[in-house]
Amino acid sequence: MPLDIVIGAQWGDEGKGRVVDLLAKESDFVARYNGGDNAGHTVTVGNKIYKLHVITSGILHPHTRGVIGNGMVLNPQTLIEEMENLKDAGMTISPERLWISDAAQLITPAHRLLDSAQDAALGNSRIGTTGRGIGPAYVDKASRRGLRAGEMLDEEAFRDRVARHFENANQMLVDLYHQPAMDTQTLVNEFLGSMARLRPYIHRIGPMIQAAIDGGKTILGEGAQGTLLDVEQGTYPYVTSSCTTSTGIFSGLGIGVQPVRRVIGVTKAFQTRVGAGPFPTELYGDMANFLRGSGSNPWDEYGTTTGRPRRVGWLDLVLLGYAHEINRFTELFITKLDILSGLQEIPVCVAYKYNGMKMRSLDFSGDARLMAECQPIYQNLPGWQEPLGACRRWQDLPAAARKYVEFIEQTIGLPVKNISVGSERSALIVRD
Ligand code: IMP
């Protein structure tokens, strides 16, 4: 009963799309269980670059089925665009291949407008959300007034609920945030039109996934964003609004707790973050530009969803250890090791100075205010000059690069089983 989970071990953008694409080769189902179109995956196959926000990148393998779990917030309009783009690229996207949970919450254009208005209203304390309506959609879910995908099966009642949603949101936008009113009639009709197209894809998916697991199929769960953006354990309040960690898979797909074969923690060889919030090892100036890249390559550090330049810094092993505690990883997958070529020395954060004391692991749950007081303590590891793009075996890596990886393994106490050294599918070192 193989159930595997891929989890971002940092603040998102670790390259999970690549990892999912790789593991999907051996999976029957690839299931997303949290977040929405705030996620963004760039996968390069041959000379084609695919950017996906809602559908798992696992769908690029023709034998897989993609799942949109009930833990997700789904923007039907983004989903339809993605389905069309994939079809134009020659892929089959059918109700057999793509399942949407009837309990997935829906994101409307009103949620997007509210997201931007609410974040802007926070002024200097703003989170820097992706503006995709994620927070407001999860707020509606928790407030028990959200719209769920399965509701559209009763068309008349759904129309009324959608109309009421837009009217309420309009009132908030105008009265609370002093924004222009929406043309609700047009938006309601467009929204209902999109949902009508998704009707054949909507099911109660929990039992279907359980039956697949019981039948020996391999399920790959794809956690979106990263551990440090988790609404409970992340750097609160600078987090997203969903459960981004491994445990979310059960509630987010509607299946009971059961054994998991692999929990793969994905980490870059350095640290990045988009949006506001504490970042103890953050770098600025030339070194930041070196790690970020110029933006000319889709692999450079600019957001897939927002295009924003990402904040960058040295690898933080205190936070990686914290991510391991929360997720119980079975292994690590390191991405972008190639970017570190050309440095004389590579600092790695091994502890924090906090409250005058040395702290090797976090003794608080993410709290952004406390993390802002943590000063990184670095250990300098030797760098290497050789480019790594052509390395395909462990022994092809320069000795210093192998030492860098071994240092991570020893500090965290986990094997690093895969290392990516470029954006191409093939730019990968698989360790025995
Ligand atoms: P939201 O998820 O749009 O509400 O944004 C909340 C925070 O999570 C912001 O700091 C975003 O930049 C960050 N965030 C959300 N999704 C991603 C992602 O896929 N990668 C990296 N950061 C993300």
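These numbers were taken from a predicted model, which means no experiment stands behind them. Order of appearance sets the numbers: ligands from 1, and atoms from 1 within every ligand.
Using a distance-only test at 3.5 Å, with no hydrogens or angles considered, no donor-acceptor pair links the side chain of R148 to the main chain of K141. Looking only at distances, no side-chain donor or acceptor of Q258 sits under 3.5 Å from a matching main-chain atom of F250.
Residues T281 and P376 come closest through the heavy atom pair CG2-CB, 4.0 Å.
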Between ligand 1 and the protein, tabulate every N or O atom pair separated by less than 3.5 Å, reporting distance only.
residue  : atom   : partner : partner atom : Å
ligand 1 : 2 (O)  : N38     : ND2          : 2.9
ligand 1 : 2 (O)  : T240    : OG1          : 2.6
ligand 1 : 3 (O)  : T130    : N            : 2.9
ligand 1 : 3 (O)  : T130    : OG1          : 2.6
ligand 1 : 10 (O) : V274    : O            : 3.1
ligand 1 : 12 (O) : G128    : O            : 3.4
ligand 1 : 12 (O) : V274    : O            : 3.0
ligand 1 : 12 (O) : R308    : NH2          : 3.1
ligand 1 : 16 (N) : Q225    : NE2          : 3.4
ligand 1 : 19 (O) : N38     : O            : 3.3
ligand 1 : 20 (N) : D13     : OD1          : 3.0
ligand 1 : 20 (N) : D13     : OD2          : 3.4

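Residue pairs meeting the salt bridge (Lys or Arg N to Asp or Glu O under 4.0 Å) criterion with at least one member in residues 29-54, sequence neighbours excluded: D37-R112.
No salt bridge links R431 with E331; every basic N to acidic carboxylate O contact stays at or beyond 4.0 Å. Salt-bridge annotation for R261 and D4: present, with a side-chain N of the basic residue lying under 4.0 Å from a carboxylate O of the acidic one.
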